[in-house]
Every structure is written in C-alpha cells, then in structure tokens.
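See below for the structure under consideration.
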Amino acid sequence: MPGVTGGGPSAGGPRGFVARLRDWTAGSTYPVVTGLVLTALAFLEFVAYPPDSLTIALGVLVSAVCLVWRRSFPPLAVLAVAAGMTAFAAGRSLYLVTIVSGLVGLYTLARHRVQRPWVLVLAGTLGAAAVNVVHIASWPEVSGLPVPEIGAPGSLGLFAETFVLAVVIVGAVSMGDAVRTRREARRERVLSQAKVIAMERREAAAEERTAIARELHDIVAHSVSMIAVQAESATYTTPGLSPEARDGFQQIAGTARASMTELRRLLGVLRTPGGETPQIAPQPTLGHLPELLDQHRAVGEDAVLRVTGERVVLPAGWELSAYRIVQEALTNVRKHASGARTLVEVDYGTDRRLLLRITDDGPGCAVDGPGAGGHGLTGMRERAALVGGSLTAGAGPDGGFVVIAELPW
C-alpha cells in the first residue's frame, strides 16, 4: 500500500539534517535565537572596532534587537532597517551586523507583505540616498578635501553608495517577495488538493451508498417476493381456512406485491449511467469467504482464513457488509502490497459482535492519503457504518497494514 511510514533515508544523513533545519527555521524560536545572536555579534564588533559615537552604537544594537520579534510583529523590521541606516549615516564605518540586520529586515518586510515591494524598494532607495547625502556633506570634514561639483569628472562616484545600496535593497526585497509568493502558491495548491480529495471521497461514498442500496434492494426484494408467494400458496395448501383467514393471506400477498412495486420505483433513481437496472444476483455471505480467498490465491497471492467462535447466520445485510469489507481489503492488498501474505480473521464474539481483522506483511502505509489511487477505505467504512459498526485501518505494530471492523448484530 503506497507511501511508507516510519524511518527512511530522510530520517538521517544530509537530507535529514536539511529537513530538521527547515523545521527549526519555521518554528517560533528561530527569529529569537538569530536576533540574540546578531546582538551578541554586535558587542563583539564593538570590542574589535569601537564605535565613534553613541548614535552608531545604539543604531547597530536597535537594528539587531528588533529582529527578535520580526516574526511575531513583522512591521518592527522597519525600525531595524531605519536604525541600521541611521548608524551608517552617523559614521562611514559599516558594521557587519548592520548589513545583516538591514538585509534581514528588508526580507522580513517583503516576506510578510508589510508593504508592496515597490514601496519598500522606493523607501529603501530614498533612505540610502539620504545617507549618501549626509556622507557627501561630511566629506570635507573627514577628508579635508572639497566636494567635487556635480557634473565634474569623478562626481558621479559620490553616489556610489546609493547605487550599491539600491541593488542590495532590490535583491533583499525580491527574495522576500519570491519566498512569500512561492509559499502562498504552495498553500493554495495544498488547499486545492485537499478540496479535490474531499470531493472525490464524497463521490466515492455516494457511489458506495448507491451500490449498497442496490444490493439491499436485491435482498429485500427476494424476501418480500417469498412472502407474497407463501401467502398466496397458503390459501390453496392450507385446508380448513375460514374466509377471514383466506382474505388475510390475500391481503398479505397484496401488500407484499405493492411493496415490490414501490421498491422497483425507488430503484429507478439508482439506475446505472446507461439507464439499465443492474441484474439481480444472489448476494454473497460470509459462507463464501473460502471461495473469495481461492480467487485471491489464484492470481498468485498468499492468504489464510481463520474463523473463531461458533458460526452464526447473521441477517443478510450484515453478511453482505462483512463479505464486501473482506473483499475490498483483499483488493487493496493486491493493488498496493502485491505478494504480501494476508491473514483474514473472522471472530463470532459471544457479545453479539462480529470482528473482522485483515492483516498483511506488506510495506504498511495509508491507502486513502494524497496521491492514493482509490477509495477502498471509504467504501469499507460506509459498509461498516451501514450496520452500526466501525472500521479502523492503518500500519500494523509489526509492519504491514491492518484493517479491523467491528459489526454489532
């Protein structure tokens, strides 16, 4: 049965590490840890390269600390970007923590769509230009040289900071927006797939109920027709009947025939797509399980039938439901675990409860999960619910797949 549960290649090794890392980055501790790490790195940078002013120190620290809450309150990333630019404007030294904090802040703003990407790029570029202008204004004080006039040779290099920061801002915003778009598309795809699967299951359940109704029609029709025949025969084969008793038998026969007519009308809404009513055939019972397992073995499969308790002839609906559950379970084994050894257990409990247990030693996986080809479990659950029972299915404790049905009678 498709999809293996339990450990596999992805449980360890590089793939397992990547999967665990992905899960951690999606958790709530990731932004807190990374924000605190950046704050700690800021202090280390201050030790190696002491800041020129308190404004730079506060700007770098605020830029890093704000990232601790970037996932719980994404708009706070605006403060991280603004504080980083303020720290850069206050001095020409650009700390590594400031670069990382600014990029992460821009990524966060785009990832959570705090504003439209073009607004973030425009605001960030204007902020970079403002920082550049501050640096240009302080150029004579820092270098002792006059600021070149605009248009003079080499004057365009004065705005190199703006160009470089604009490219970086566009890259960070684009990456955040791309991740957001991809995740939203994936979420929509998962939701659409879930809707399709739910719709298919509803359709499968409706088809199964229709099949059940047809089969029950056969059972009831046979019983009612027998009542009509026996009631009419009694008027001729029973000697000494009074006129009242004879009329009573005729009324029973008439009621049975009327019921048969009504059953045929109701069956009209359950006709096959071709408009033909399915042929009435004897419905199988638990007594036919040996033949069913013989058919299963005839295609090269291995199956064993084990019956415990005293055989009890159940009502026709119960017998049919139990047989169909075993039949569908064997079909699933052939489809999803071909070659597996199957054990079919039928237990006639003393508490008026029939227990069916079908186990195999195949891969052991879900049949009705996404990507599964059929709706076998849906039909089996409908069969069990029809007689007031329940059905569970899943991987067995020792591997393989197990189907357990409890049918009270």
Side-chain angles (χ1 to χ4, degrees), residues 34-35 37-39 41-46 48-67 70 74-181:
T34 52
V37 168
L38 281 174
T39 304
L41 289 177
F43 281 104
L44 292 178
E45 279 199 287
F46 290 160
Y49 307 99
D52 297 333
S53 66
L54 182 62
T55 302
I56 297 176
L58 289 177
V60 174
L61 289 176
V62 170
S63 181
V65 172
C66 286
L67 298 180
R70 67 182 184 273
L76 199 61
V78 173
L79 184 58
V81 176
M85 287 190 172
T86 301
F88 184 36
R92 290 187 173 272
S93 298
L94 184 59
Y95 285 88
L96 179 62
V97 171
T98 305
I99 298 174
V100 175
S101 299
L103 291 176
V104 174
L106 290 168
Y107 171 88
T108 301
L109 294 173
R111 166 68 182 84
H112 296 279
R113 202 63 181 266
V114 175
Q115 270 295 342
R116 295 183 180 276
W118 69 268
V119 174
L120 296 176
V121 170
L122 178 60
T125 303
L126 291 176
V131 172
N132 200 168
V133 170
V134 172
H135 286 166
I136 292 174
S138 62
W139 173 257
E141 182 181 347
V142 174
S143 63
L145 299 174
V147 177
E149 294 183 1
I150 302 300
S155 62
L156 192 61
L158 294 174
F159 299 96
E161 284 182 3
T162 301
F163 298 144
V164 172
L165 289 178
V167 171
V168 172
I169 289 169
V170 170
V173 172
S174 298
M175 182 178 296
D177 189 61
V179 171
R180 179 194 62 81
T181 303

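Quick note: residue numbers are just sequence positions, from 1. All heavy atoms count here, side chains included; hydrogens, waters and symmetry mates do not.
- Put simply, CD1 on Ile136 and CD on Glu161 are 7.5 Å apart, with the number rounded to the nearest 0.5 Å.
- Scanning both residues, Phe88 and His135, for their nearest heavy atoms gives O-NE2, 2.8 Å.
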Derivation and outcome, side-chain contact (heavy atoms from CB on, under 4.5 Å), residues Leu41 and Leu96
CA-CA 9 Å; Leu41 289 177; Leu96 179 62; over 6 Å; no
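- Closest heavy-atom contact between Gly84 and Thr98: O-CG2, 3.4 Å.
- Every residue meeting the ring pair (Phe, Tyr, Trp, His ring centres under 6.0 Å) condition with Phe46, not counting sequence neighbours, appears here in chain and number order: Tyr95.
- Ile169 places a side-chain heavy atom less than 4.5 Å from the side chain of Leu106.
- For the pair Ile99/Leu94, a side-chain contact is recorded, criterion being any heavy-atom separation below 4.5 Å from C-beta on.
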In a table with atom names and distances, give each donor-acceptor pair under 3.5 Å that connects a side chain of residues 108-127 to protein atoms at least two apart or in another chain.
residue: Thr108; atom: OG1; partner: Val104; partner atom: O; Å: 2.7
residue: Thr125; atom: OG1; partner: Val121; partner atom: O; Å: 2.7

Report all side-chain donor-acceptor pairs from residues 50-65 shorter than 3.5 Å, counting only partners two or more places apart or in another chain.
residue: Ser53; atom: OG; partner: Ile56; partner atom: N; Å: 3.4
residue: Ser63; atom: OG; partner: Ala80; partner atom: O; Å: 2.9

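- For the pair Ala129 and Thr162, the tightest heavy-atom approach, listed with the atom from each and the gap, is CA-OG1, 3.5 Å.
- Here the OG1 atom belonging to Thr39 is positioned 11.0 Å from the CG atom belonging to Leu44, to the nearest 0.5 angstrom.
- The closest donor-acceptor contact from the side chain of Ser101 to the backbone of Val97 lies under 3.5 Å.
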